[in-house]
J.: 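Below are the structure tokens for one structure; questions will follow.
The shown structure was predicted, so the numbers you read here are calculated from the model rather than taken from an experiment. As the structure lists them, so they are numbered: ligands from 1, and atoms in each ligand from 1. Any value given below was found using the heavy atoms of this structure, including those in side chains, with hydrogens, waters and symmetry copies removed.
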Amino acid sequence: MKIIPIANPKGGVGKTTVAMQLAAVLARRFNVLVVDVDPQQSTVWWAENAHHRLPFDFAGTQSSNMLGRVSELRVEYDFVLVDTPGSLEDTQILEAVLDAADFVVVPLTPEPLALDPTTRTITRLIEPRHLRHKVLLNRIDGRIPHQLATWRELLDTTLGIPRFDTYLRQYKVHADAAVLRQLVTSAPDTRRTAGSISDATGFGRQMSDQFSNAHLEVW
Ligand SMILES: Nc1ncnc2c1ncn2[C@@H]1O[C@H](COP(=O)(O)OP(=O)(O)OP(=O)(O)O)[C@@H](O)[C@H]1O
Ligand SMILES: [Mg+2]
């Protein structure tokens with residue numbers, strides 16, 4: 001079982017979106033549990049209003065202690081994804097989750113204001129725990145020249161922060177998803193949705209590849 005928080009105290013970088021879409025993609029091959037420790041409980045709202053049954057299990061809780069008990073659950077999960085709060089005011093919840101984590105996904109949108117909280121979290125909370133982590137660039141806009149290259153270069157060279165090769169582009173499907181509660185795995189594969197589906201699927205593959213010895217599945 002791998003516990004994977006989706007963490008970045010910067011609000012709105014896509015933690016909830018990434019947790020739900022990644023869970024959906026991984027659930028095609030693995031047993032997945034999503035735990036929401038965000039006091040806002042965005043994924044709870046999403047889950048409760050989902051039109052289709054979610055393809056993964058879901059636990060809304062404001063108690064990070066719950067993670068310690070996950071391994072005692074009757075169901076054996078391959079992946080436990082944890083949606084965490086977007087605030088630096090109370091790092092206690094995030095710290096407790098990181099204490100239990102195997103790997104951290106750090107979503108980052110290409111906005112200068114998102115950089116400082118991201119690097120601070122990595123240097124103050126993630127690196128001291130010797131936790132494997134990677135940034136996932138999110139909301140990349142292909143219409144902005146050099147945006148992807150600039151942000152990759154910034155992470156790779158200037159900051160030296162590990163990142164996934166895959167990234168999520170900005171799509172209305174994702175923006176609508178929280179309202180329509182649509183998962184990429186249940187969306188019809190049309191011209192409108194194809195890009196978001198392939199982004200999420202590629203990311204899911206790279207995520208499971210992080211633990212490749214145990215997961216040599218063909219996608
Ligand atoms: N790749 C994307 N394309 C388009 N919209 C996106 C994408 N990723 C996230 N969004 C939208 O951006 C907004 C913020 O995303 P989300 O709620 O997932 O962020 P968050 O980090 O969980 O925020 P918070 O810190 O408030 O919990 C939402 O409206 C979501 O639909
Ligand atoms: Mg959220």
J.: Check whether the side chains of N138 and Y167 place a donor and an acceptor atom closer than 3.5 Å, and report yes or no.
T.: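 Per modelled atom types, N138 and Y167 side chains form no pair under 3.5 Å.
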
J.: With respect to atom 13 (C) of ligand 1, which of M20, R139, H174 exhibits the smallest heavy-atom separation?
T.: R139

J.: What residue and atom, counting heavy atoms only, is the protein's closest point to atom 17 (O) of ligand 1, and at what distance?
T.: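 Looking at atom 17 (O) of ligand 1, the protein heavy atom closest to it is T16 CB, 4.1 Å.
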
J.: Between ligand 1 and K15, is the shortest N or O to N or O distance under 3.5 Å?
T.: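 Between K15 and ligand 1, an N or O pair is found under 3.5 Å apart.
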
J.: Hey, are the side chains of Q210 and F164 touching, using non-hydrogen atoms and a 4.5 Å cut-off?
T.: yes

J.: How many protein atoms of type N/O/S are positioned less than 2.8 Å from the Mg ion (ligand 2)?
T.: 1

J.: Taking heavy atoms and a distance under 4.0 Å, where does D38 meet ligand 1: side chain, backbone, both or neither?
T.: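 Side chain only; the backbone of D38 stays clear of ligand 1.
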
J.: Give the residue and atom name of whichever protein heavy atom lies nearest to atom 4 (C) of ligand 1, and the separation in Å to one decimal.
T.: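 For this ligand atom, the closest protein heavy atom is Y171 O, 3.0 Å.
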
J.: G86 heavy atoms, cut-off 4.0 Å: which ligand 1 atoms fall inside?
T.: 25 (O)

J.: Is the closest protein non-hydrogen atom to atom 8 (N) of ligand 1 under 4.0 Å?
T.: yes

J.: Measuring from atom 15 (O) of ligand 1, which candidate in D176, L137, T17 has the nearest non-hydrogen atom?
T.: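 Looking at heavy atoms only, T17 sits closest to atom 15 (O) of ligand 1.
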
J.: Quick one: look up the protein heavy atom nearest atom 19 (O) of ligand 1 and list residue, atom name and how far away it is.
T.: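 So the nearest neighbour among protein heavy atoms is G14 N, 3.0 Å.
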
J.: Taking the side chain as every heavy atom from C-beta outward, state whether D199 and T201 have any pair of such atoms under 4.5 Å apart.
T.: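 With C-beta onward as the side chain, the pair stays apart.
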
J.: Taking side chain to side chain donor-acceptor pair (under 3.5 Å) as the definition, give me every residue that meets it alongside Y171, ordered by chain and number, with sequence neighbours left out.
T.: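 Here the qualifying residues are R169.
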
J.: Show the atoms of ligand 1 that are less than 4.0 angstrom away from any heavy atom in Q170.
T.: 3 (N)

J.: Parallel, tilted or perpendicular, judged at 30° and 60°: which one describes the rings of F79 and F30?
T.: perpendicular

J.: Taking the side chain from R29 and the backbone from S208, do they hold a donor-acceptor pair closer than 3.5 Å?
T.: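 No.
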
J.: Among protein heavy atoms, which lies nearest atom 29 (O) of ligand 1, and at what distance?
T.: A175 O, 4.6 Å

J.: Is there a side-chain contact between P9 and K15 (heavy atoms, below 4.5 Å)?
T.: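 No. Closest side-chain heavy atoms not under 4.5 Å.
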
J.: Are any of the side-chain heavy atoms of H174 and V184 separated by less than 4.5 Å?
T.: yes

J.: Show the atom names and distances, to 0.1 Å, of all donor-acceptor pairs under 3.5 Å that link a side chain in residues 101-114 to residues at least two apart or in another chain.
T.:
from : atom 1 : to   : atom 2 : distance (Å)
D102 : OD2    : I3   : N      : 2.6
T109 : OG1    : E111 : OE2    : 2.3

J.: Are any of the heavy atoms in R169 under 4.0 Å away from ligand 1?
T.: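 Under 4.0 Å: yes for R169.
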
J.: So, regarding G12 and ligand 1 (criterion: nitrogen or oxygen to nitrogen or oxygen, under 3.5 Å), is there a contact or not?
T.: yes

J.: Would you indicate whether the side-chain heavy atoms of L159 and L115 approach each other to under 4.5 Å?
T.: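 Of all side-chain heavy-atom pairs linking L159 with L115, at least one is under 4.5 Å.
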
J.: Can you name the closest pair of heavy atoms from P5 and T84 and give their distance?
T.: CB-CG2, 4.2 Å

J.: F56: what forms a ring-ring contact (aromatic ring centres under 6.0 Å, His included) with it, not counting sequence neighbours?
T.: none

J.: Closer than 4.0 Å to some heavy atom of G11 - which atoms of ligand 1 meet that?
T.: 25 (O)

J.: If you take the nearest heavy atom of each of V13, L168, I140, N138, which one is closest to atom 1 (N) of ligand 1?
T.: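 Residue with the shortest heavy-atom distance to the ligand atom: N138.
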
J.: Have T193 and S196 got a donor and an acceptor in their side chains that come within less than 3.5 Å?
T.: no

